[in-house]
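Below: the structure, in structure tokens.
Note that the structure is a prediction, hence the values are computed from the model and not measured. Numbers restart at 1 for each chain; the letters A, B, ... are given by sequence-line order, proteins then strands.
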Number of protein chains: 2
Amino acid sequence: MEKDEAIKLNNQLCFSIYSLSREINKLYRPFLEELNLTYTQYLVMLVLWEKDSCTMKELGDSLFLDSGTLSPVLKRLTKRALTYRKRDPDDERRVLISLTEEGKQLKETAAEIPGKLINKSGLSEEEFSKTLFDFTNLLQQIQQANTE
Amino acid sequence: MEKDEAIKLNNQLCFSIYSLSREINKLYRPFLEELNLTYTQYLVMLVLWEKDSCTMKELGDSLFLDSGTLSPVLKRLTKRALTYRKRDPDDERRVLISLTEEGKQLKETAAEIPGKLINKSGLSEEEFSKTLFDFTNLLQQIQQANTE
DNA sequence: CGCAATTAAATTGTGTAAAATTAAATTGAG
DNA sequence: CTCAATTTAATTTTACACAATTTAATTGCG
């Protein structure tokens with residue numbers, strides 16, 4: 001590509017991905033509003049629905065986020081009584097995050113979201129799977145590039 | 001997909017694109033630090049390097065962002081003397097945003113970034129083009145879904 | 001063992017995003 | 001022409017991201 005072409009907004013991979021990410025976020029918003037969750041709070045809940053309980057560190061490893069982001073998110077989820085926190089007795093540096101009964105129950109409602117989303121997106125099951133596969137592969141490649 | 005599978009974090013399209021977006025942002029960061037620009041500020045500059053001058057509204061249409069986000073970004077770019085703002089005499093509601101000489105000159109340095117990025121990402125020219133094409137198409141599809 | 005290095009969270013500060021509100025200018029239906 | 005509706009930006013509020021710093025607990029080298 002010519003250098004003058006290469007610097008144009010619509011030739012930036014970063015911009016298409018950035019826009020797509022916000023646009024997909026927007027697709028979720030009406031469903032998440034019903035649960036009274038933000039997008040990030042939803043991601044945290046997804047992790048906890050798989051594990052019931054984990055440390056702040058494990059949560060961060062799953063979501064690629066640090067305590068600077070997660071501490072305030074957990075503070076809000078705990079205030080809403082969806083989660084609770086306590087120090088790990090075996091290692092007082094660690095914080096164990098767990099779901100309350102209310103937090104566990106919310107999974108029932110949330111389980112409807114992925115289906116609704118695929119439906120609303122207009123993607124077929126196959127397109128969805130292929131896109132997820134492609135995104136995941138690219139993510140790994142970029143993560144690799146970032147650690148070199 | 002089974003409902004229990006569908007609600008897992010790593011089967012969420014939203015999470016893969018969200019992680020990918022942040023990871024790509026991270027790939028840019030060292031280069032943008034050299035220019036002393038944030039990612040969003042870089043996007044604004046990309047638009048202005050193509051047009052030299054535009055209104056806040058046009059900038060927002062290009063980047064899919066509103067004045068709530070862009071006003072403070074422009075305030076910072078103007079403080080750094082890369083841009084300047086003045087009301088449109090033909091329609092006082094509008095704000096005309098323009099590049100200063102310093103802002104124009106920064107394009108020379110920035111023009112190196114896209115090449116460096118492709119290189120660092122490990123993608124071939126073909127992979128890059130195909131990925132850009134796929135993302136742009138998907139973006140349009142999701143934007144369509146969001147307006148229905 | 002003792003203490004320097006490491007690890008885990010929380011906190012602080014900066015910069016977006018997005019929704020909602022406000023204010024000012026312009027438009028257009030009657 | 002006139003005023004209600006619309007348009008454009010800015011502001012306010014809430015909630016992330018991320019870097020940098022702080023604090024407390026744990027590890028492990030000498």
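- Each of A:Arg29 and A:Leu96 was matched to the nucleotide of DNA chain C holding its nearest heavy atom; the match closer to the 5' end belongs to A:Leu96.
- The closest donor-acceptor contact from the side chain of B:Ser62 to the backbone of B:Val47 lies at 3.5 Å or more, if one exists at all.
- For the pair B:Glu127 and B:Lys130, the salt-bridge criterion is not met [side-chain N within less than 4.0 Å of a carboxylate O].
- Comparing A:Asp88 and A:Asn25 by the nucleotide of DNA chain D that holds the closest heavy atom to each, the one mapping nearer the 5' end is A:Asn25.
- The shortest distance between the side-chain N/O atoms of B:Tyr39 and the OP1/OP2 oxygens of D:dA17 is not below 4.0 Å.
- Mapping A:Glu33 and A:Gly68 onto DNA chain C by nearest heavy atom places A:Gly68 closer to the 5' end of the strand.
- With A:Tyr18 as the aromatic partner, A:Arg22 meets the cation-pi criteria of under 6.0 angstrom to the ring centre and within 45 degrees of the ring axis.
- In this structure, the nucleotide among C:dA10, D:dA15, C:dA8 sitting nearest to the side chain of A:Arg94 is C:dA8.
- Taking the six-membered ring where tryptophan is involved, the planes of B:Phe135 and A:Phe135 are tilted, since the angle between them lies from 30° to 60°.
- Rounded to whole Å, the distance from CG on A:Leu74 to P on D:dC16 is 10 Å.
- When each of C:dA10, C:dA9, D:dA17 is scored by its nearest atom to the side-chain atoms of A:Leu65, the top-ranked nucleotide is D:dA17.
- As rounded to whole Å, 8 Å separates atom C1' of C:dA10 from atom CZ of A:Arg87.
- Distance, B:Phe64 CZ to C:dT16 C1': 18 Å, rounded to whole Å.
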Is there a side-chain hydrogen bond (donor to acceptor under 3.5 Å, both in side chains) between A:Thr136 and B:Ser16? Walk through the geometry before answering. CA-CA 6 Å; A:Thr136 306; B:Ser16 61; 4.9 Å; no

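- The side chain of B:Tyr18 lies closest to D:dA17, out of D:dA9, D:dA17, C:dA18.
- In this structure, of C:dT16, D:dC16, C:dA10, it is C:dA10 that holds the atom nearest to the side chain of A:Arg85.
- Taking side-chain N and O atoms only, B:Lys75 has a distance below 4.0 Å to OP1 or OP2 of D:dT11.
- Between A:Arg76 and the phosphate of D:dC16, there is a side-chain N or O to OP1/OP2 separation shorter than 4.0 Å.
- At D:dA17, none of the side-chain N or O atoms of B:Arg22 fall inside 4.0 Å of OP1 or OP2 (strictly under the cut-off).
- Counting only heavy atoms from C-beta on, A:Thr40 has its side chain closest to D:dA17 among C:dA10, D:dA17, D:dA9.
- Taking atom CG on A:Leu70 and atom P on C:dA9, their separation rounds to 10 Å, with Å as the unit.
- Listed candidates were D:dA10, C:dA8, D:dA15. Nearest to the side chain of A:Thr38 is D:dA15.
- Rounded to an integer number of Å, the gap from NZ of A:Lys86 to C1' of C:dA8 is 16 Å.
- Following rounding to the nearest Å, A:Asp90 (CG) and C:dA8 (P) show an atom-to-atom distance of 14 Å.
- For A:Pro72 and A:Asp91, each mapped to the nucleotide of DNA chain D holding its nearest heavy atom, the one lying further toward the 5' end belongs to A:Pro72.
- Distances from the side chain of A:Met56 to the nucleotides D:dA9, D:dA17, C:dA9 place C:dA9 closest.
- In the interface, the side chain of A:Ser67 is paired with the base of C:dA10 through a donor and an acceptor atom under 3.5 Å apart.
- Phosphate proximity of C:dA10 to A:Ser71: present, with a side-chain N or O under 4.0 Å from OP1 or OP2.
- A salt bridge links B:Lys107 to A:Asp4: one of the charged nitrogens lies within less than 4.0 Å of a carboxylate oxygen.
- The base of C:dT7 sits within donor-acceptor range of the side chain of A:Arg93, with an N or O pair under 3.5 Å.
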